[in-house]
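Structure first, then comments.
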Amino acid sequence: MHDQKTLKASEMFTMIGLFIGMKVTDTTPTLFAQKAQNAFWLIPIISFLVILPSFFLLIYLLKKAQNKNLMELIESLIGSKLGKTLGFLIFLSSFLLMCLDSRSYVEQIKLLYFPASPTTVLFFLFLCVVFFGAKKGLEVIGFTVKTSFLFIKLSALLLALLISVEIVWQRIFPIFGSGLSTILKEGALKGSIFSEFFLLTIAYTSFKDTKQFRIGTLFGVIFVIIEITFFFFVYATVFDYNSIEKASFPFHDITQYVQLGEYFANIETFFMVFWLLAGFLRFIIYIYLITWIFGAVFNISEFEPLILPFSFITLIIGMVPDNSVINELLFRDMLLNYVTPLFVLFPVILWIVALSRGALKK
């Protein structure tokens, strides 16, 4: 499925919009608020500025290499052994992040709808849906994301409009929260919250034209950074100073505030339907791309059958943390810090090697 080359810029734009844009609805705002308090909405901007030059450098190298995807580019520049080692590190770090992220989603589903059900059972059912979606292939995934994107984002926009009456602008002050140094430090350490940008480059040559990939990426990048910053800002101005740190699932919590007139007072279920759909699509993209990178590292061209064992391993690793607090504030926080240098540095290393070989003069 991955070599039919029917994808266009619109699919790339919408995949970025859901794949990365869904961070506004997970536990990332809570993680940031623990360190920067009411100024946590500034951290994604810093993280974005930290990771963006490396990502654009990678896109530049892919454009120069023309018909190569991420792994083919890496191996052509630094050799097979070093390239596969780097590819495996990218796979491993991304896979662990996906395991922890998926655990957070399952915890949120359990809290909202099935508080008495075992987390393991819910996690298993969640991954079953993700597996059956991912095995359909990238073209079907891209089409599904494209057709769902408008409805999901309109529901988010409606939520923002309805919640706007609860915004208290003064809550963003002091503008730097617990301190400018804290914001800069956390923003730099958490650059890997945008690591999904790099995973998408494994599909670089699967588009009808590589120019379509670059156009979709450019508009997608602009869209998600605006969306994430906007929603984090809304969270910061709706929740007061103390409740920001205690809101485990800000997106769910904020839906509790909205109502349509006196009769429709509890409409959070309407928004959660689109949230569930977007969450499934996000992890369908996630596991498909990660499995693809693994297949490229070990020269497995038909990698789709590996989605099933990776779904099972995701369940095992995702259940390692005792609860959602340890999962988010210990494991995910630590892993994001550790893998940020990898995603910042490896495109720079590739660029230096390409420059020294004269590969950029073509």
Side-chain angles (χ1 to χ4, degrees), residues 15-17 19-37 39-62 70 74 86-87 89-101 104 176-202 217-218 220-233 236 282 285-286 289-290 293 327-352:
M15 280 197 288
I16 290 179
F19 191 26
I20 296 120
M22 279 298 291
K23 290 185 184 297
V24 302
T25 68
D26 64 14
T27 50
T28 303
T30 304
L31 177 63
F32 289 171
Q34 301 298 318
K35 306 290 176 59
Q37 298 176 336
F40 73 92
W41 62 280
L42 293 170
I43 291 182
I45 300 174
I46 305 299
S47 300
F48 183 71
L49 294 176
V50 167
I51 210 78
L52 188 63
S54 297
F55 178 63
F56 278 173
L57 200 56
L58 182 61
I59 294 295
Y60 170 72
L61 292 173
L62 287 167
L70 174 66
I74 291 174
L86 177 57
L89 288 175
I90 294 171
F91 156 77
L92 185 62
S93 57
S94 302
F95 183 62
L96 292 175
L97 281 173
M98 185 191 71
C99 293
L100 299 180
D101 280 357
S104 295
F176 294 128
S178 56
L180 179 59
S181 59
T182 301
I183 296 169
L184 294 175
K185 177 185 174 184
E186 286 303 310
L189 288 173
K190 298 298 187 302
S192 55
I193 64 165
F194 294 112
S195 61
E196 291 93 336
F197 284 138
F198 298 89
L199 302 185
L200 286 161
T201 57
I202 190 67
T217 297
L218 177 62
V221 165
I222 295 171
F223 177 81
V224 292
I225 188 57
I226 293 174
E227 182 186 29
I228 291 174
T229 304
F230 170 73
F231 267 91
F232 280 28
F233 181 85
R282 181 195 176 197
I285 300 170
Y286 219 152
L289 295 178
I290 287 174
I293 292 175
N327 179 66
E328 189 64 32
L329 301 184
L330 179 61
F331 288 103
R332 186 164 180 253
D333 182 39
M334 185 170 57
L335 187 58
L336 284 170
N337 293 348
Y338 285 159
V339 302
T340 293
L342 171 66
F343 289 100
V344 171
L345 291 177
F346 92 79
V348 178
I349 294 172
L350 295 180
W351 176 76
I352 293 173

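Each residue takes its place number in the sequence, starting with 1. This structure is a prediction, so every number in the text was calculated from the model and none was measured. Computation of the quantities below employed the complete heavy-atom set of this structure, encompassing side-chain atoms and omitting hydrogens, waters and symmetry-equivalent molecules.
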So does Ile90 get a backbone contact from the side chain of Ser93, meaning a donor-acceptor N/O pair under 3.5 Å? yes
Please check: side-chain N/O of Thr201 versus main-chain N/O of Phe198, any donor-acceptor pairing under 3.5 Å? yes
Report yes if some heavy atom in the side chain of Phe48 is under 4.5 Å from a heavy atom in the side chain of Val224; otherwise report no. no
Once side-chain hydrogen bond (donor to acceptor under 3.5 Å, both in side chains) is applied, what residue pairs with a partner in residues 39-59 remain, sequence neighbours excluded? none
Can you sort out the partners of Asp101 under side-chain hydrogen bond (donor to acceptor under 3.5 Å, both in side chains), two or more places apart, ordered by chain and number? Arg282, Arg332
Is there side-chain contact between Ile193 and Ile43, with heavy atoms separated by less than 4.5 Å? no
With side chain to side chain contact (heavy atoms under 4.5 Å, CB included) as the test, would you mind laying out the steps for Asp26 and Ser104 before giving the verdict? CA-CA 7 Å; Asp26 64 14; Ser104 295; 5.7 Å; no
Side-chain donor-acceptor pairs under 3.5 Å in residues 177-187, sequence neighbours left out?
unit_1 : atom_1 : unit_2 : atom_2 : d
Ser178 : OG     : Lys35  : O      : 2.7
Glu186 : OE1    : Lys190 : NZ     : 2.8

Which residues pass the ring-ring contact (aromatic ring centres under 6.0 Å, His included) test with Phe32, sequence neighbours left out? none
For a 4.5 angstrom cut-off between non-hydrogen side-chain atoms, does Thr217 reach Leu200? no
Under the ring-ring contact (aromatic ring centres under 6.0 Å, His included) test, which residues partner Phe331, sequence neighbours left out? none
When you look at Thr30 and Phe40, which way does the side chain to side chain contact (heavy atoms under 4.5 Å, CB included) test go after all the steps? CA-CA 9 Å; Thr30 304; Phe40 73 92; over 6 Å; no
Are Phe194 and Phe197, when compared by the centres of their aromatic rings, separated by less than 6.0 Å? yes
Side chain to side chain contact (heavy atoms under 4.5 Å, CB included) evaluation trace for Val221 with Leu52: CA-CA 9 Å; Val221 165; Leu52 188 63; 4.1 Å; yes
Find out whether Ile352 and Val348 are in side-chain contact, i.e. whether some heavy atom of one side chain is under 4.5 Å from a heavy atom of the other. yes
In the structure I gave you, are the side-chain heavy atoms of Ser195 and Val339 within less than 4.5 Å of one another anywhere? no
From Ile51 CD1 over to Ile46 CD1, what is the distance, rounded to the nearest 0.5 angstrom? 13.5 Å
To the nearest 0.5 Å, how far apart are OH in Tyr286 and CE in Met22? 13.0 Å
Spacing of CG belonging to Leu70 relative to CG belonging to Leu62, to within rounding of 0.5 Å: 7.0 Å
Quick check for you: to the nearest 0.5 Å, what is the distance between Phe91 atom CZ and Leu289 atom CG? 12.5 Å
From Leu49 atom CG to Ile45 atom CD1, the distance as rounded to the nearest 0.5 Å: 7.5 Å
Do Thr28 and Ile228 touch side chain to side chain, with heavy atoms closer than 4.5 Å? no
Please report, to 0.1 Å, the donor-acceptor pairs under 3.5 Å made by any side chain of residues 340-347, with sequence neighbours excluded.
unit_1 : atom_1 : unit_2 : atom_2 : d
Thr340 : OG1    : Leu189 : O      : 2.5
Thr340 : OG1    : Gly191 : N      : 3.4
Thr340 : OG1    : Ser192 : N      : 3.1
Thr340 : OG1    : Ser192 : OG     : 3.0
Thr340 : OG1    : Leu336 : O      : 2.7

Can you tell me how far CD1 of Ile225 sits from CD1 of Ile20, rounded to the nearest 0.5 angstrom? 10.5 Å
